[in-house]
Amino acid sequence: MSNSLYSFAEIEPKWQKYWEKNKTFKTKIDKSKPKYYILDMFPYPSGNGLHVGHPEGYTASDIVSRYKRMKGFNVLHPMGFDAFGLPAETYAIQTGTHPKITTENNIKNFTRQLKMFGFSYDWDRKINTTDPKYYKWTQWIFLQLYKKGLVYEKETPVWWCEGLKSVLANEEVVNGKSERGDYPVKRVMLKQWMLKITKYADRLLEGLDKLDWPESVKEMQRNWIGRSEGAEVIFSVDQREEKIKVFTTRSDTLFGATYMVLAPEHPLVEKITTDEYKEEVENYKKQAMTKSDLVRTELEKDKTGIFTGGYAINPVNNQKIPIWISDYVLWGYGTGAIMAVPAHDQRDYEFAKKFEIKIIQVINGGDIDKESYEGDGIHINSGFLNDLNKEDAISKMNSWLEENNYGKAQVNYKLRDWLFSRQRYWGEPIPLYKDEAGKIYPMKESELPLKLPETEKYKPAGAGKSPLANIREWVEFEDNDGKKYFRETHTMPQWAGSNWYYLRYISPDSESRLVDENDEKYWMPVDFYIGGAEHAVLHLLYARFWHKVLFDIGAVSTDEPFQKLLNQGLILGTDGEKMSKSRRNVVNPDDVIKEFGADSLRIYEMFMGPIERPKPWSTKGLGGSHRFLNRIWRLYIADNGELNPNIKDEKSSEEFEKEFHKTVKIVGEHIEETRFNTAISQMMVFVNTGYKENILNREMMTKFIQLVSPFAPHIAEELWEKMGIAENLTYSSWPVYNKLKLVEDTIEYPVMINGKMRSKVVVNADDDNDKIKEIVLNDSRIQKFIEGKKIFKFLVIPKKIVTVVIK
RNA sequence: GGAUCUGUGGUGGAAUUGGUAUACACGCCACACUCAAAAUGUGGUGUCAAUAGACAUCUGAGUUCAAAUCUCAGCAGAUCCA
């Protein structure tokens, strides 16, 4: 159906080979040029190959790369693979194929596909996170974190699925069952490695202000970090030594605290529970362990809880208040305990109503018989806070707490430390080991990389244990001192490799450092980073965290890694739904390239709509983009294969020349603004105009090829060659437009009367307002409307519109 | 429930950031080429009315000489968070 006039099937491989052979995109430091580092989020090389969503962002970054080269920048534009991950391991468990082999094959396939698009990557810088030469440095960074005291071990629950004999991630657990196989899952307590990202919370928050990122992504990160100012309050436990610390943003409501709630996992629960309640509490704890945090904190859900039999003392009035446990309080969030003020918190209110706990109103307002009141107001029933408003009451209470050693003002973060252990085989081994007494030792940097051992058993070794635990000869070793040591068997999460890959591209072969010092200073920061919005929080936050640590130890010279960020929108199926195998609406780029060529696919994906918006696929629309390339081709090449005889050294018409300069202006500006769809539509206008012209000035037509080249590089190279130009297109200078050509001698003004468009008048560009008014009032159409009416206002908005108000 | 974003022809989307609403493309219609079709080229295409004109940017109000654009209220959808 794609009746092509130009043979993309020959042209595209021809130029891809040419670029590869000539190393056209090889990048070196060149201090005579400004640098530009433009980065794609590197893909996980899945067995399915590329989908049409990948090339959307990659084409956008390729257009900018090619444009910047022509603008005289030294451009670094690399690609690599984030190749550790679950699918290869699952496949290994099923088939016995080593993940290394699967990964190698997939990378080959991905590379083949990426090359078919003609992306201008410097392939000599390709990286692969599973290469020991690469993960040596991932492990090295981990050791630096360890040395800085940012690594610690903590007992935390993980999801264990007996049916799958595997530990599952939160996302893999749906309604207390495994997403795959629907087996029950349970919480298992396990010692795991944590990274103290919370230590960097403030800097991660402040750093956002300087970044040229979408506001939505910055906002998401701010919410994720979740800084809140409040107070720590210390409650003592009735008849016991222990204290309970809570964090609250509403210390002013302390007089209304009528009970406390501990997370079921809170270690104090066991101590304070009286014999009478022991059994119930134990049962409740077991139940809570099966629920995910998401389910537990759902607002609408029915509140559950159990009284422990213990009491705490409210420090402000020495009242005994009951201590409950409930799953709506999470362990690992804040202090795992809350003071409950049912009168002024909705969840506490529902809880208190259900279990008939006392509700004391301490702020005037609302109707406490019906619902909690969370607004501001005058404090009542609050001793020394009475008559104060919220703000004043908070500050007075915080001073009181501090003076009396019952707490202090405190900043709290929603951000939690980063759980860094995975009970998997296909990940970076953690370079730590323990002796028989359990003492932890970091490996020496000179011993890195700690390679993954070969094995044929990829299944986990048992509840919460990694497959590596099966390989005794790897785990146990004797050091020179003759003592026995045990390696850590957990591996790093997939984020680890992707956390710093942008640095490795800068000097992929450096053996002495993770990134060469001089090269790093030249290339960093990444000027422009393009990728999916799904990484708005985790990847982009973790990478910023590591980067700041590297900055602190002097390994990098910038405080932030990614200056500008763009999220491309999802490409949906023709049905407007997310592409998925089960919906059978997946479009395969291999098929598209076979039928229409890579240039057509590139142009189409850029022309679909604004890059950052989600948009549905249209096969017809793709045909239109292909037709556009054919029209370009025919504008240059006649049916006999020779150059179009209209292309000559004579001057083109005034109009066509004007359109050309306008096109140069718009295409350049719109690339800078990443508005590729409108850049393309302007090129279409130029081509449409060109079809009506008899004289296509050779110089203009040459420059137009340059405008096309970032978008459709193959056809551009071919036409460039057919025009007989020897200069290297990739490094030719981007055309400059002549401003004077765009200045009009005359201006056509639309004339509005009482807000309605009534006529148009043409005036000379240098006519003053009086002259314009004269022309307008003499216009016959205008006269018809203003006849017998009084002119109230007469406005000329320069170069825009004339507006008349009559009555 | 919260945060952020979006809402324009039959469809994807433009609109110089408050100034002629619907650029460009898809689809559809007509004409040319053709024995015919495809491809290609040219023209038309918001709705009602057919000279004029009236009405149209999710709904309703407001600001303004002028609103798709700004403000408020509501409705619908998307993403993230709870």
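Quick note on labels: first sequence line is chain A, next is B, and so on, each numbered from 1. Every heavy atom of this structure was used, including side-chain atoms; hydrogens, water molecules and symmetry mates were not.
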Using the side-chain heavy atoms of [X], tell me which of these nucleotides is nearest: [options].
X      : options             : value
A/T678 : B/C65, B/A14, B/A82 : B/A14
A/P750 : B/A25, B/U6, B/U20  : B/U20
A/N223 : B/A3, B/A15, B/C81  : B/A3
A/K692 : B/C65, B/A14, B/G43 : B/G43
A/K800 : B/A25, B/U17, B/G41 : B/U17
A/V805 : B/A82, B/U6, B/C65  : B/C65

Contact under 4.0 Å: [X] side-chain N or O vs [N] OP1/OP2:
X      : N     : value
A/R222 : B/C81 : no
A/R634 : B/G41 : yes
A/R627 : B/C26 : yes
A/N567 : B/U79 : no
A/K620 : B/C26 : no
A/N677 : B/A25 : no

Tell me: [atom1] of [X] to [atom2] of [N], nearest whole Å?
X      : N     : atom1 : atom2 : result
A/K665 : B/U16 : NZ    : C1'   : 8 Å
A/K218 : B/U79 : NZ    : P     : 24 Å
A/L538 : B/C81 : CG    : P     : 8 Å
A/N754 : B/C65 : CG    : P     : 12 Å
A/R675 : B/U17 : CZ    : C1'   : 10 Å
A/E215 : B/A3  : CD    : P     : 15 Å
A/R758 : B/C65 : CZ    : C1'   : 15 Å
A/F686 : B/C24 : CZ    : C1'   : 16 Å

- prompt: Under a 90° cut-off about 0 for the syn range, is B/G7 syn or anti?
  reply: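 In terms of base orientation relative to the sugar, B/G7 is anti.
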Find the partner of [N]: check Watson-Crick (N1-N3 plus N6-O4 or O6-N4) and G-U wobble (N1-O2, O6-N3) distances, both under 3.5 Å, and reply none if neither fits.
N     : answer
B/A23 : none
B/G53 : B/C48
B/A15 : none
B/U71 : B/A61
B/U34 : none
B/A3  : B/U79

Pick base, sugar-phosphate or nothing for [X], based on heavy-atom distances below 4.0 Å to the nucleic acid.
X      : answer
A/T803 : base
A/F792 : nothing
A/P610 : sugar-phosphate

Result for 5'-nearest mapping on RNA chain B, choosing between A/M752 and A/R631, is A/R631
With nearest nucleotide decided by heavy atoms, which residue, A/F607 or A/V537, maps closer to the 5′ end of RNA chain B?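 Here A/F607 is the residue nearer the 5' end.
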[M] and [N], which share atom name [atom1], separated by this distance in whole Å:
N     : M     : atom1 : answer
B/G41 : B/C48 : C1'   : 33 Å
B/G60 : B/G53 : C1'   : 27 Å
B/A37 : B/C31 : P     : 11 Å
B/U47 : B/U57 : P     : 15 Å
B/C28 : B/C72 : P     : 44 Å
B/A25 : B/U42 : P     : 11 Å
B/U69 : B/A73 : P     : 16 Å
B/C65 : B/G12 : P     : 36 Å

inquiry  = Do A/Y529 and A/D40 pair up side chain to side chain, a donor and an acceptor below 3.5 Å, judged on atom types alone?
reply    =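 Their side chains do not contain a donor-acceptor pair, so the 3.5 Å distance test is not met.
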Using side-chain heavy atoms (C-beta onward) and a distance below 4.5 Å, is [X] in contact with [Y]?
X      : Y      : value
A/F711 : A/R602 : no
A/L570 : A/L572 : yes
A/W617 : A/N585 : no
A/V804 : A/N754 : no
A/H714 : A/I11  : yes

Would A/F686 and A/F656 satisfy ring pair (Phe, Tyr, Trp, His ring centres under 6.0 Å), going step by step from the backbone distance to the final call?
CA-CA 8 Å; A/F686 177 81; A/F656 191 48; 4.9 Å; yes
Taking atom types as they are modelled, would you say the side chain of A/K760 forms a donor-acceptor pair with the base of B/U20 within the 3.5 Å cutoff?
yes
> Step by step, would you call A/F8 with A/H626 a ring pair (Phe, Tyr, Trp, His ring centres under 6.0 Å)?
Replying inline: CA-CA 10 Å; A/F8 59 83; A/H626 183 63; 5.7 Å; yes
